[in-house]
Amino acid sequence: MAEVKPEAKPPAGLRNVVAGESGISSIDGQRGVLAYRGIDIHALAERSSFEEVVYLLHHGVLPTRAQLEELRVTLVRERPIPAGVVDLRRALPAGTHPMTALRTAVSALGAFDPDANDDGEAARKRKAVRLIAQMATLVAAVDRLRHGAAPVPPDPGLGHAANFLFMLTGSPPSAVAARAMDVALVLHADHEFNASTFAARVAASTLADIHGAITAALATLKGPLHGGANEAVMKMLEEVQEPDKAEGWIRDAFAQKRKIMGFGHAVYRTEDPRATHLRRLSREISEAAGDRRFYDLSERVEAAVKSQKGLYVNVDFYSASLYRTLGIPTDLFTPVFAVSRIAGWTAHVLEQLGNNRLIRPESEYTGPRDVAYVPVERR
Ligand code: COA
């Protein structure tokens, strides 16, 4: 067969390349629209819950009351994590970044899973739901263990978001905090072929196991150009310190050609629709807590970046001040992203395996050709 070679140079970072088909979520970057299974993110943020979104992403439609209850019961039952994984976290050095610990723990979970040696369709689906339930428990445990505290066992009476905050802090969250966390989980649950989801699909396409695919996704999420940006936003806000310093700080950062974390997007050319809700939640939680410091600072940084460079905030910008006000430690922001995105990652892995073909693109070779081999003594 004749070799087919693309005529144009591949775009840097594969921007605007459609790399596969998916029926899970869609983005219109020009209009700032995100939908899960065709349902607009604004409707889901206002009216849905994380559990409902998990069902939607996995099954393609909203659940009936009975289906939602069945999923809720399964998620509660699957929350505990094996003692061996807790011991593994204890064995890691004290200063291990929570994302590194989480990536390691999820890889280990694969070995402890009751379906470890079964990669059939039914077992894959069980493992997917189990991973969603366990991710929240793991993130809370990873945080507590590094401070020498014992993990807080899950409370079966609490929903996924409220239970996560409970396991993290040891006390039940207020209704306002639980709802804010729930909406944040809804907003982060899926985002089409982002870098970590694509990494998960590439791994799954080799027929690697689901824990391996999610480990690849976690490794990819950690980077500051992807999920790590929310942590970087908080560090920036701490550097800026005061609202009145925002304008000058941003001007200096642009002059030094620094990337401003939490701004810009590979797909959106207008405001990220998730940011609209996160800005509102951040303001509401700050007002409820009587501490608007990081919200006010964020507003001023946003205004400065918009006026100086015309860049819009993305999902990571206001999640930083929101999580901070919810009492979540800064280096746990990216793991919190994973608590939600595990819903999308697993949906994508199941979709990939439902109609699999090994993902194996080609590269355009730019190195030298026909180079003679020189023996080591003549080099
Ligand atoms: N700070 C400063 N400049 C930025 C910027 C930012 N956050 N985001 C984009 N730009 C600049 C780019 O450098 C580029 O400038 P150039 O044309 O002079 O090279 C221009 O704006 C257009 O960039 P664009 O093509 O729209 O973005 P991208 O697809 O190359 O990059 C990101 C997308 C997300 C990697 C980029 O916006 C970024 O690094 N943002 C900060 C990290 C972040 O918040 N990541 C989370 C994403 S949800």
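Counting convention: from 1, in listed order, for ligands and their atoms alike.
- Side-chain contact annotation: S25 with H191, donor-acceptor N/O pair under 3.5 Å absent.
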Return a table of donor-acceptor pairs under 3.5 angstrom between the side chains of residues 209-217 and protein atoms on other chains or two or more places apart.
{"from": "D209", "atom 1": "OD1", "to": "H211", "atom 2": "N", "distance (Å)": "3.2"}
{"from": "D209", "atom 1": "OD1", "to": "G212", "atom 2": "N", "distance (Å)": "2.9"}
{"from": "T215", "atom 1": "OG1", "to": "H211", "atom 2": "O", "distance (Å)": "2.6"}

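- In this structure, ligand 1 sits under 4.0 Å from heavy atoms belonging to R15, P224, L225, H226, A229, F254, R258, K259, I260, M261, G262, F263, G264, H265, A266, R269, L311, N314, D316.
- With 3.5 Å as the limit, one finds a donor-acceptor pair spanning the side chains of E302 and Y318.
- If you check the side chains of T270 and Q30, you find no donor sitting under 3.5 Å from an acceptor.
- Within 6.0 Å of CD on E70 lie no more than 12 heavy atoms contributed by other residues, nucleotides or ligands.
- Residues R283 and L322 are not in side-chain contact: their nearest non-hydrogen atoms beyond the backbone lie 4.5 Å or more apart.
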